Structures are given as C-alpha cells and as structure tokens.
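Worksheet for the structure shown next.
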Amino acid sequence: MDNEEKDNITIDELKDLMALAQAADMQGRNEDVEERLQQFYGKQQAKKRKARLWRTAVAAAACVAMLLSMAIWKGIADEEAPDEQQPIVFYMAKPKANIVVKTERGKKLRTLPSSDDVLLADALPEAEERIVVDVPQGEKLTVALPDGSKVYMHAGSSLKFPTQFADSLRLVELRGEAYFVVARNTQQPFVVSTPSMLTTVLGTEFNVLAEGTAHDNVALVSGSVKVSAAGQRRIIKPGQQLTVSPDGRLTVREVDTTPYTSWRDGYVYFDNVTLKEALLSIAKEFNCDVEFRRQDLLDTKIHFVADRSEGIKGLIEGLNMMNIINVEFEGQLIVVY
C-alpha cells in the first residue's frame, strides 16, 4: 500500500473498534499526584475552618428563623405535604466476567483472570484472523503488541489487532477507552481505528475515548498525530484534545493531560467535573451501580485524587473527607445522601 492509498483510508473501510495504551515516569507522576492531593486536602481543611466560624455567626439567626418557620408551618399543617424527592439510580454494574481473548470469528483463545496485568501478543497463537480482547467493567488490562507498543485498556473496552503487523500499516481497532504508547516506526505508521475517527501516528503517547457519544476524542500527551473524521483531517499537538461531534464537526482545544496519565498510572483523578460524572466513572471502573438520594448534588463540581489500588471503599472514604457529600457503599451500590 503506497502513501496515497494510506491517506485515502476511510472510517467505513476500517470500521469497528478502539485501542489503548500508556506508560510514563511513574516516580515523577506519583510525586505530582501526591502534591496535588496534599494541596487539595489543605484547601478542604481551610474551608472547614471558615465553615465553623460561619456556623457560629449565624446560630442566633438560625434560631429565630426556626421559630418563624414553626409558626408558618402551623398555619399550613393541614395542607398536603409535598412528595419526597425520589432517588435517581444509574445502573452500571454487569455480571462479573473475566477478560476474554478470542479470534475475530469468535473462537476463544484464552480467558484471563483479573490477576493478570499484561497480555503479551507474541504469546498468542499465530492466526490469519485478528485477535479481539474484551475487558469487562471492573477490570483493566495492558496489551503488549507485537511491535513493542503498549495499550492500556480501560474497563469496558475492546481491542482488535493482528498477532503480527505484516501490512504497511500497524492497524488496531478500539471501542471504549485506551491509552497508547506507540513504538516508533517511520516505515509502518500506527493507526487506531474507531467508529468515528482514524488516528495515525509514527511513535507517541495519546489517549483515545471512542464510545459512540458526543465525547469521542483524542488527547495527545507527546509527539503528534493526524486525526481523520467525517472527511476532515487535523494534526494536533501535545496538550491538545480533538473531539468529534455527532454531526461530524471537529473541535480542537487545549487540555490538561493529567487525568489521562493519572488513570494510566493507576490513579482515579477528577478535576472540576460534576459529581455525577465522577461517580459514574468510578462505578464503571469498579462495576457498581450509583444511587443519588440528593438530586441537588448531581452537578456539584469536585476535584478528587485517589489511588485505585485502595479499592472502592478507599475511594468512598476519600470522597467523604471532602465534607461536600455523604457517600456509602452498600453491596454493589454507591449511595449518595
């Protein structure tokens, strides 16, 4: 396949899945995240001190307000009380499943228990068909591809790839989310195909989110990539994110890549995102459902960092330390009071 043919590849010709990968200086990243976490908790302690002073200042006013409200309530006590706000439940959990490795036609090659950290593509049997790896919710996996590239797969994602990159392109297909660390090869470009876009690189690090939603995007950490979607092409630089809208519009903006490198390094990281977004992401990560008994908290913005290895209970303890919400874990249900 010559260069002209490579540039003419369309999404329809490659249509199907998504891919992931990652790797970075763990020591530097840990220090960076720890520093952010300490700063965040320090701010929370300052807020709590201010809150105590405020509560003291308004205590007398609150007593007066309570007496007034009692008088008003006495006048309307005979009226029908409003219905209690019904909780909102987001059902995210799926039956517990192992990571599955199979051929494109469905022949199962190997079932990986959750304790496996890395799948070596070179250890799989050679096959004319491509290999499909499905990572269920609540699990993660790193795939070491035959060219030396690595794909860090997020929970609920699927990756399709050949056991050997024999063509002029190193083509993989992704659905879900993945962080890629691509081995450099100028003679054989690396292409990540998703249902909405193609991302072409020679050697770099980037995060791809492709779930068929308005948020499908590529965030570049280092190097450069070319993204093709809806008949358009864009080249993005490190620190930029390209988003593909449902109507085919491409939008490029500057972003903080910390959330992507943090999940690659084993952290749960949210920066100025709504509580709803954060808890739905945690629910997918740990295969849980979420119940909001306080609907008024859905759009509360939070900043939160935690080590994923602490488990769901450790994360919930950290959320409660913010003194913004009260969260409990009941069975497979995250409950927000």
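Computed from a predicted structure; not experimentally measured.
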Sidechain-backbone polar pair: [X] side chain, [Y] backbone, donor-acceptor under 3.5 Å:
{"X": "Asn320", "Y": "Val327", "result": "yes"}
{"X": "Gln241", "Y": "Thr257", "result": "no"}
{"X": "Glu104", "Y": "Lys160", "result": "no"}
{"X": "Gln240", "Y": "Lys237", "result": "yes"}
{"X": "Gln232", "Y": "Leu250", "result": "no"}
{"X": "Gln332", "Y": "Asn287", "result": "yes"}
{"X": "Gln137", "Y": "Met92", "result": "yes"}
{"X": "Gln188", "Y": "Phe165", "result": "yes"}
{"X": "Asp216", "Y": "Glu211", "result": "yes"}

Nearest 0.5 Å, what's the [atom1]-[atom2] distance between [X] and [Y]?
{"X": "Asp289", "Y": "Phe90", "atom1": "CG", "atom2": "CZ", "answer": "11.0 Å"}
{"X": "Leu319", "Y": "Leu279", "atom1": "CG", "atom2": "CG", "answer": "6.0 Å"}
{"X": "Leu209", "Y": "Asn217", "atom1": "CG", "atom2": "CG", "answer": "5.0 Å"}
{"X": "Lys140", "Y": "Arg308", "atom1": "NZ", "atom2": "CZ", "answer": "5.0 Å"}
{"X": "Ile334", "Y": "Ile282", "atom1": "CD1", "atom2": "CD1", "answer": "6.0 Å"}
{"X": "Ile236", "Y": "Leu220", "atom1": "CD1", "atom2": "CG", "answer": "5.0 Å"}

Would you say the side chain of [Y] lies within less than 4.5 Å of the side chain of [X], judging by non-hydrogen atoms?
{"X": "Val101", "Y": "Ile131", "result": "yes"}
{"X": "Thr258", "Y": "Asp271", "result": "no"}
{"X": "Glu205", "Y": "Thr261", "result": "no"}
{"X": "Thr142", "Y": "Asp117", "result": "no"}
{"X": "Pro125", "Y": "Leu109", "result": "yes"}
{"X": "Leu119", "Y": "Val133", "result": "yes"}
{"X": "His154", "Y": "Val135", "result": "no"}
{"X": "Thr194", "Y": "Val208", "result": "yes"}

Ion pair present between Glu173 and Arg130, side-chain N to carboxylate O less than 4.0 angstrom?
yes

If the threshold is 4.0 Å, N to carboxylate O, is there a salt bridge linking Lys284 and Glu177?
no

List the steps, then state whether side-chain hydrogen bond (donor to acceptor under 3.5 Å, both in side chains) holds for Asp299 with Thr274.
CA-CA 5 Å; Asp299 296 323; Thr274 66; 5.1 Å; no

What are the two closest heavy atoms between [X] and [Y], and how far apart are they?
{"X": "Ala278", "Y": "Val273", "value": "CB-CG2, 4.1 Å"}
{"X": "Pro189", "Y": "Thr200", "value": "CB-CG2, 4.0 Å"}
{"X": "Ala183", "Y": "Ser149", "value": "N-OG, 2.9 Å"}
{"X": "Cys288", "Y": "Phe329", "value": "SG-CE1, 3.6 Å"}
{"X": "Gly138", "Y": "Ala155", "value": "N-CB, 3.7 Å"}
{"X": "Gly248", "Y": "Ala230", "value": "O-CB, 3.6 Å"}

Verify the neighbour count for atom CD of Glu330: are there more than 12 heavy atoms of other residues, nucleotides or ligands below 6.0 Å?
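Result for CD/Glu330: enclosed.
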
Going hydrophobic residue to hydrophobic residue with side-chain gaps under 4.5 angstrom, can you get from [X] over to [Y]?
{"X": "Val255", "Y": "Leu242", "result": "no"}
{"X": "Ile325", "Y": "Phe286", "result": "yes"}
{"X": "Leu280", "Y": "Val268", "result": "yes"}
{"X": "Val89", "Y": "Ile312", "result": "no"}
{"X": "Leu124", "Y": "Val100", "result": "no"}

Would you please test Val336 and Leu297 for side-chain contact (heavy atoms from CB on, under 4.5 Å) and show each step?
CA-CA 9 Å; Val336 181; Leu297 296 176; 4.1 Å; yes

What orientation do Phe180 and Phe206 show, parallel under 30°, tilted 30 to 60°, or perpendicular over 60°?
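Phe180 vs Phe206 ring planes: parallel.
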
May I ask you to decide if the ring planes of Phe270 and Phe304 are parallel, tilted or perpendicular, using 30° and 60° as cut-offs?
parallel

For Lys301, enumerate each residue passing the side chain to side chain donor-acceptor pair (under 3.5 Å) test, keeping only those at least two apart in sequence or located in another chain.
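Lys301: no side chain to side chain donor-acceptor pair (under 3.5 Å) contacts found.
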
For a side-chain contact (heavy atoms from CB on, under 4.5 Å) check, start with the C-alpha distance between Asp134 and Lys102, then their side-chain angles and the critical distance, and finish with the verdict.
CA-CA 9 Å; Asp134 293 320; Lys102 59 187 178 182; 3.3 Å; yes

Whether Arg170 engages the ring of Phe161 as a cation-pi pair (distance to the six-membered ring centre under 6.0 angstrom, angle to the ring normal within 45°) should be assessed.
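No.
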
Report the C-alpha separation of Leu141 and Glu139 in whole Å, then their side-chain angles, then the decisive distance to 0.1 Å, and conclude whether the side-chain contact (heavy atoms from CB on, under 4.5 Å) test is met.
CA-CA 7 Å; Leu141 179 71; Glu139 301 293 348; over 6 Å; no

Could you walk me through whether Leu202 and Phe190 pass side-chain contact (heavy atoms from CB on, under 4.5 Å), step by step?
CA-CA 6 Å; Leu202 298 178; Phe190 191 96; over 6 Å; no

May I ask you to list the residues sharing a hydrophobic cluster with Val335, side-chain cutoff 4.5 Å, ordered by chain and number?
Leu333, Tyr337

